[in-house]
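Data block below; observations after.
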Amino acid sequence: MANVRYDESPPSPESSSSVSPDRRWFTRRSGLAVGAAVLAPTLMAGWVLVQLTTGAGADDARPPRIVMPAAATSPTPASSPSAAAPGAKGPLAGKTVVIDPGHNTGNFKHTSEIDRKVDIGTNLKECDTTGTTTNSGYMEAEFSLDVSRRLRTVLEAKGLKVVLTHEAGTARPWGPCIDERARIGNEAAADAVVSVHADGVSSGNRGYHVILPAKVKGGAADTAKIVGPSRDLGERIGSNFARTTGSAPANYLGSGTGLVVRDDLGGLNLSTRPKVFIECGNMRDAKDAALLTSPEWRQKAAQGIADGIVGFLGG
């Protein structure tokens, strides 16, 4: 298929619902040495204050930047947790957000791996898909990872702990599978999970939409407890995304609300944490593609999603 829209090959939306109207580094610096007052010999009057300062070239005086590695339980790490920015207070203190960049830039080279079926509770689906591209070849997986990294930076600045389900590259050449993506959010006890995507439908179809979990129960899937909070999360993300990007809700589904409920996505069905997908625009439409390929617009997209998450968490 030329245009694969989600992390799973989707049918038409299950239903629609109305609604009322680069990564920051932190450096530890050694403090100023305490000034010492030295008593002069009796032939000299007064005191001499000596202040010792650290030297820029002194390795023992200025420790190097410390990068906390991702916790890995296998040779291929499943997640990329980050240290939260210091000083988080109030409702954001101790909160964790999991960001799931849709697809993987390496999936095109690993079709046999991503084609294997996994259990999503209600049925079996492909482990992952390749995602779509713009007509000029810009991959959805490139877009989703870029926005996810920008989003991480914004959220960390708020003091939140952020976990990415993957960052592609040699550490994760394909996937993760949709069931693993859900498990990463669950095991992180995430307070919010957002899967970042872009759609791939025919030209003329424009705008964003947020996908909410339907009430599903079957096998390992039971979304009853997350349907309500996920809707709250999705509504906040949608309204803030529209405000920061200037984009309108999708004109081809969701009845103009920018919200769609789905019961066939494993990433939602298997989640036990509040979770939504956001389709930021249509890569196959020239006007939307011009936005999606713009770094400045992607920064606005990340900011809008972040604002929605922070509002949901009470910040």
Side-chain angles (χ1 to χ4, degrees), residues 5-8 23 79-82 84 92 95-104 131 140-141 143-158 160-167 176 178 180-199 208-213 223 226-245 247 250 258-262 265-281 292 298-315:
R5 300 196 318 183
Y6 304 105
D7 68 338
E8 304 156 57
R23 187 177 184 178
S79 62
S80 302
S82 63
L92 300 184
K95 296 295 178 67
T96 298
V97 176
V98 170
I99 306 170
D100 179 30
H103 312 287
N104 186 315
E140 179 188 357
F143 168 84
S144 65
L145 183 56
D146 180 83
V147 172
S148 295
R149 286 171 168 163
R150 294 172 186 270
L151 175 56
R152 174 176 62 188
T153 298
V154 177
L155 293 175
E156 285 181 341
K158 296 287 187 179
L160 290 161
K161 178 183 178 181
V162 181
V163 178
L164 263 62
T165 59
H166 74 94
E167 293 196 61
I178 53 178
E180 183 180 354
R181 292 174 188 263
R183 186 164 59 251
I184 291 169
N186 297 344
E187 292 180 351
D191 297 283
V193 186
V194 178
S195 189
V196 179
H197 288 259
D199 213 344
Y208 73 89
H209 66 279
V210 180
I211 305 175
L212 314 174
T223 62
I226 70 166
V227 168
S230 295
R231 172 170 285 275
D232 184 15
L233 173 63
E235 289 175 353
R236 290 175 183 271
I237 288 176
S239 61
N240 281 280
F241 186 88
R243 175 181 57 82
T244 60
T245 64
S247 295
L259 300 174
V260 175
V261 177
R262 297 279 298 271
L265 298 177
L268 296 180
N269 287 6
L270 298 175
S271 181
T272 60
R273 316 304 298 177
K275 182 174 183 177
V276 299
F277 282 41
I278 181 166
E279 298 283 355
C280 297
L292 298 167
R298 294 197 297 271
Q299 186 63 38
K300 293 178 182 179
Q303 185 66 58
I305 298 169
D307 290 348
I309 294 171
V310 170
F312 170 75
L313 296 177

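Arg183 meets the side-chain hydrogen bond (donor to acceptor under 3.5 Å, both in side chains) test with no other residue; sequence neighbours excluded. Residues meeting the side-chain hydrogen bond (donor to acceptor under 3.5 Å, both in side chains) test with Ser239, sequence neighbours left out: none. Applying the salt bridge (Lys or Arg N to Asp or Glu O under 4.0 Å) rule to Arg298 yields the partners Asp146; only residues at least two apart in sequence or on another chain are considered. With sequence neighbours left out, the ring pair (Phe, Tyr, Trp, His ring centres under 6.0 Å) criterion links Phe143 to no other residue. Taking the side-chain hydrogen bond (donor to acceptor under 3.5 Å, both in side chains) definition, one finds that Asp191 meets it with nothing, sequence neighbours left out. Applying the side-chain hydrogen bond (donor to acceptor under 3.5 Å, both in side chains) criterion to Thr272, with sequence neighbours excluded, gives Asn186. The side-chain contact (heavy atoms from CB on, under 4.5 Å) check on Pro213 picks up Ile226, Ser230, Leu268, with sequence neighbours excluded.
The heavy-atom pair separating Ser148 from Ile99 by the smallest distance is OG-CG2, 3.5 Å. Between Ser271 and Ala182, the closest heavy-atom pair is N-CB, 4.2 Å. Nearest approach of Pro101 to Ser144, heavy atoms of both residues: C-OG, 3.7 Å. In this structure, Gly185 and Val193 approach most closely via the heavy-atom pair CA-CG2, 4.3 Å. Smallest separation of non-hydrogen atoms from Tyr208 and Cys280: CB-O, 3.9 Å. The two atoms that bring Lys158 and Leu92 nearest to each other are O-CD1, 3.9 Å, heavy atoms only.
No side-chain heavy atom of Val260 sits under 4.5 Å from any side-chain heavy atom of Val210. In this structure the side chain of Thr96 never reaches within 4.5 angstrom of the side chain of Leu160, judged on heavy atoms. For the pair Ile237/Val276, a side-chain contact is recorded, criterion being any heavy-atom separation below 4.5 Å from C-beta on. Contact of the Arg273 side chain with the Val98 side chain is not registered, since no non-hydrogen atoms from C-beta on lie closer than 4.5 Å. Within the 4.5 Å cutoff, the side chain of Asn269 has no heavy atoms near those of the Arg262 side chain. Within the 4.5 Å cutoff, side-chain heavy atoms of Ile211 are placed close to those of Glu279. Put simply, the side chain of Lys161 does not reach to within 4.5 Å of the side chain of Glu156, judged on heavy atoms.
Interatomic distance, CG of Leu145 versus CG of Leu151, reported as 11.5 Å (0.5 Å rounding). Taking CG of Asp100 as the reference point, atom CD1 of Ile178 lies at 10.5 Å (rounded to 0.5 Å). The CG atom of Leu233 sits 11.5 Å away from the NZ atom of Lys275 when rounded to the nearest 0.5 Å.
A donor-acceptor distance shorter than 3.5 angstrom exists from the side chain of His166 to the backbone of His103, with no hydrogens or angles considered.
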Identify every side-chain donor-acceptor pair in residues 300-315 under 3.5 Å, counting partners at least two apart or on other chains, and give the distances.
from   : atom 1 : to     : atom 2 : distance (Å)
Gln303 : NE2    : Asp307 : OD1    : 2.8
Asp307 : OD2    : Arg243 : NH2    : 2.9

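By the 4.0 Å N-to-carboxylate-O rule, Glu167 lies close enough to Arg152 to be salt-bridged with it.
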